[in-house]
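So that the names make sense, note that chain A is the first sequence line, chain B the second, and so on, each numbered from 1. Only this structure's heavy atoms are used, side chains among them; waters, hydrogens and symmetry mates stay out.
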Amino acid sequence: MPIHVYSTEKRAKEPLTSIEPGRIRMYVCGPTVYDSCHIGHARPAVVFDTMRRFMEYSGLLVTFISNITDIDDKIINRSRELGISWRELARRYQDEYERDMARLGVLSPSIRPRASEHIPEMIELVQGLVENGTAYVTPKGVWFDVGKFAAYGRLSGRIADDEHTEHRVEQDEEKHNQQDFALWKTAKPGEPFWESPWGPGRPGWHIECSAMSGKYCDFQLDIHGGGADLAFPHHENELAQSEAYTGKRFVRHWLHNGFITVGKDGPGDDSGEKMGKSKGNAFWLHDAFKVASPAALRLWILGTHYRMPLLYKPEFLTHAENALDRIYNCLDELRRTLDQAKSVQPEEGHAANGMGEVVEQFKTAMEDDFNTPQALAALYDGVGRLNAALKNQAPAADLKAAANLLYGMLGVLGLPPERQAAAGSGGADGLVLLLLRLRNEARAKKDFATSDRIRDGWKERGVEINDRGGESTWTRK
RNA sequence: GGCGGCGUAGCCAAGCGGUAAGGCAAUGGUUUGCAAAACCAUCAUUCACCAGUUCGAUUCUGGUCGCCGCCUCCA
């Protein structure tokens, strides 16, 4: 069964195809770096990263491009507020974004182009559109004429000349159609600018993604992703510009993720509204990391299909944390068992307890438009089977073969193979190990008062001690 | 006004024509010095509501109610 994806343009699932067999060229709109990220920004990063991981797991070669918008109105305004240059501001928040994403286990893109480093490509593209007649110049800049592109509205299903648009879109008597959008903006005094055939100015927002995907993928993408709010007008405009310029199909599959929402009256309320900085309901990622492990955040996001709305409530992170524990308890036990066994080669065994079937279910789920909730069900099934195999003292080689399959699934989901990495905390603590030894001496003498006191004491400090037969283990919670 | 989406157990969430996956929580049992973990078992006659199509609908069609998003920057 080939991978199927839901196309926003077709409003239906379709088989994933690519220009070049075995290779996927994928572009995902990245952030405008003018402030910190909230968990809403984490969703596209995590879900498209997971898609990429699964495609690579399936043997496809993926070129994953995700841009940084480092020049636009918001950045200019914010840098003025802070009294620093736009370059400095953009650099600061790009660094923060990259750190946050790395913590979430989001792989670095193959290419991470910055808008400000592709101005010549954008000018060339705009020039081409002016020359072929789909763009025109006014004192305010260069505009794309939507009336010259017959397929305008193909992606979003939106019809031009909507009377409601006129009240919302910036009015300008020199524009041919109210929906015409800026390709190039003439610089106002004091604004950053680049020289161009139309005088000093800067690019419009939509043109950058076209220019960069044009440069790195020859204006032909297999997958273009982003948040649902980008479908219109951003992606509709990108499509129009790119196809008007090349005459070739720009994108085969448009994929959009749903929003993270928050209760209107705070996290306790059930009727969610879209999270956003301007709504004042943003839950910043750097705050999220204080209350939840990166892996739990990731598991929570993947617990809902990427196109569905995702309501945020603090307790959901706790649920994810508990579910994660179930996975890592199994992995810990497995590691302990395998450490005691003589060196075994996974090839010597066949995956214990039908783990092979579990992986097939996992793949089937992922192939169906990246159905991560269903894939997770397969993963938990695998955990249960492995636990049973452990309990039944299955041969080490079989356990190892099964474990490798489980690790493969975890890798697709971007969940770390070890608890410590998932929690983002450090390794063994000498003090814990010392007290663990003293406690075991007490237990050997049946001095349970002392042993319980040590266990309770550590529990208060976030370290959980568990006895497994004669030995004891600890985990940081 | 136009376009689109959502409503499944206490909570989260898949399924989308053949009789309700999974997770969290809960309960009973096995195990344990006691716990924890693990294992076994229990946990929706029912999928917002009302009609219709069908041998059969949570899944398709029409309508009603409730919630949300896009149409302006937005993940």
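In this structure, F362(A) places its CZ atom 21 Å from P of A21(B), rounding to the nearest Å. Atom C1' of nucleotide C73(B) and atom CD of E236(A) are separated by 18 Å, given to the nearest angstrom. Atom CG in N77(A) sits roughly 11 Å away from atom C1' in C73(B) (whole-Å rounding). Computed from coordinates, the R385(A) CZ to G22(B) C1' distance equals 13 Å when rounded to whole Å. Put simply, CG on D100(A) is 14 Å from C1' on A75(B), counting in whole angstrom units.
Among the atoms of the strands shown, only primed sugar atoms or phosphate atoms (P, OP1, OP2) are found under 4.0 Å from some heavy atom of G226(A). Residue contacts shown for F448(A) include a base, since a base heavy atom lies under 4.0 Å away. F316(A) comes within contact range of the sugar-phosphate backbone alone, with a heavy-atom separation under 4.0 Å but no base atom that close. Among the protein residues, K13(A) comes within range of no part of the nucleic acid, since none of its heavy atoms lies under 4.0 Å from any strand. Nucleic acid contact for R439(A): base, since at least one base atom lies under 4.0 Å from a heavy atom of the residue. Within 4.0 Å (heavy atoms only), I260(A) reaches at least one base atom of the nucleic acid. As judged by a 4.0 angstrom heavy-atom cut-off over every strand, H234(A) is placed among residues making no nucleic acid contact. Residue contacts shown for N371(A) are limited to sugar-phosphate atoms, with no base heavy atom under 4.0 Å away.
Side chains of R158(A) and Q179(A): no donor on one and acceptor on the other come within 3.5 Å. Defined by atom type and a distance below 3.5 Å, a donor-acceptor pair is missing between the side-chain atoms of E357(A) and Q361(A). A donor-acceptor contact closer than 3.5 angstrom links the side chains of R419(A) and N329(A). Checking Q374(A) against D368(A) by side-chain atom types alone, no donor-acceptor pair falls below 3.5 Å.
Contact between the side-chain N/O atoms of K277(A) and the OP1/OP2 oxygens of A75(B) is not found at any separation under 4.0 Å. Put simply, H41(A) has a side-chain N or O that comes within less than 4.0 Å of OP1 or OP2 on A75(B). Within the structure, every side-chain polar atom (N or O) of R455(A) is placed at least 4.0 Å from both OP1 and OP2 of A35(B). Contact annotation: N329(A) does not reach the phosphate of A36(B) (side-chain N/O to OP1 or OP2, under 4.0 Å). At the phosphate of A25(B), OP1 or OP2 sits under 4.0 Å from a side-chain N or O atom of N322(A). At least one side-chain nitrogen or oxygen of K279(A) sits closer than 4.0 Å to the OP1 or OP2 atom of G69(B).
Taking the six-membered ring for Trp and thresholds of 30 and 60 degrees, H234(A) and H206(A) have ring planes inclined between 30 and 60 degrees apart. Under the 30°/60° scheme for interplanar angles, the aromatic rings of Y152(A) and F232(A) are found to stand perpendicular.
Summary of the strand contacts: A320(A) and T261(A) both lie near RNA chain B, and taking for each the nucleotide with the nearest heavy atom, the more 5' one is attributed to A320(A). Mapped onto RNA chain B by nearest heavy atom, I465(A) and G258(A) fall at different nucleotides, with I465(A) at the one closer to the 5' end.
The side chain of H305(A) lies closest to A14(B) when the candidates are A14(B), A75(B), G33(B).
A donor-acceptor contact under 3.5 Å is formed by the side chain of R158(A) with the base of C70(B). At a cut-off of 3.5 angstrom, the base of C73(B) holds no donor-acceptor pair with the side chain of D73(A).
One C1' atom belongs to A13(B), the other to C50(B), and the distance between them is 27 Å to the nearest Å.
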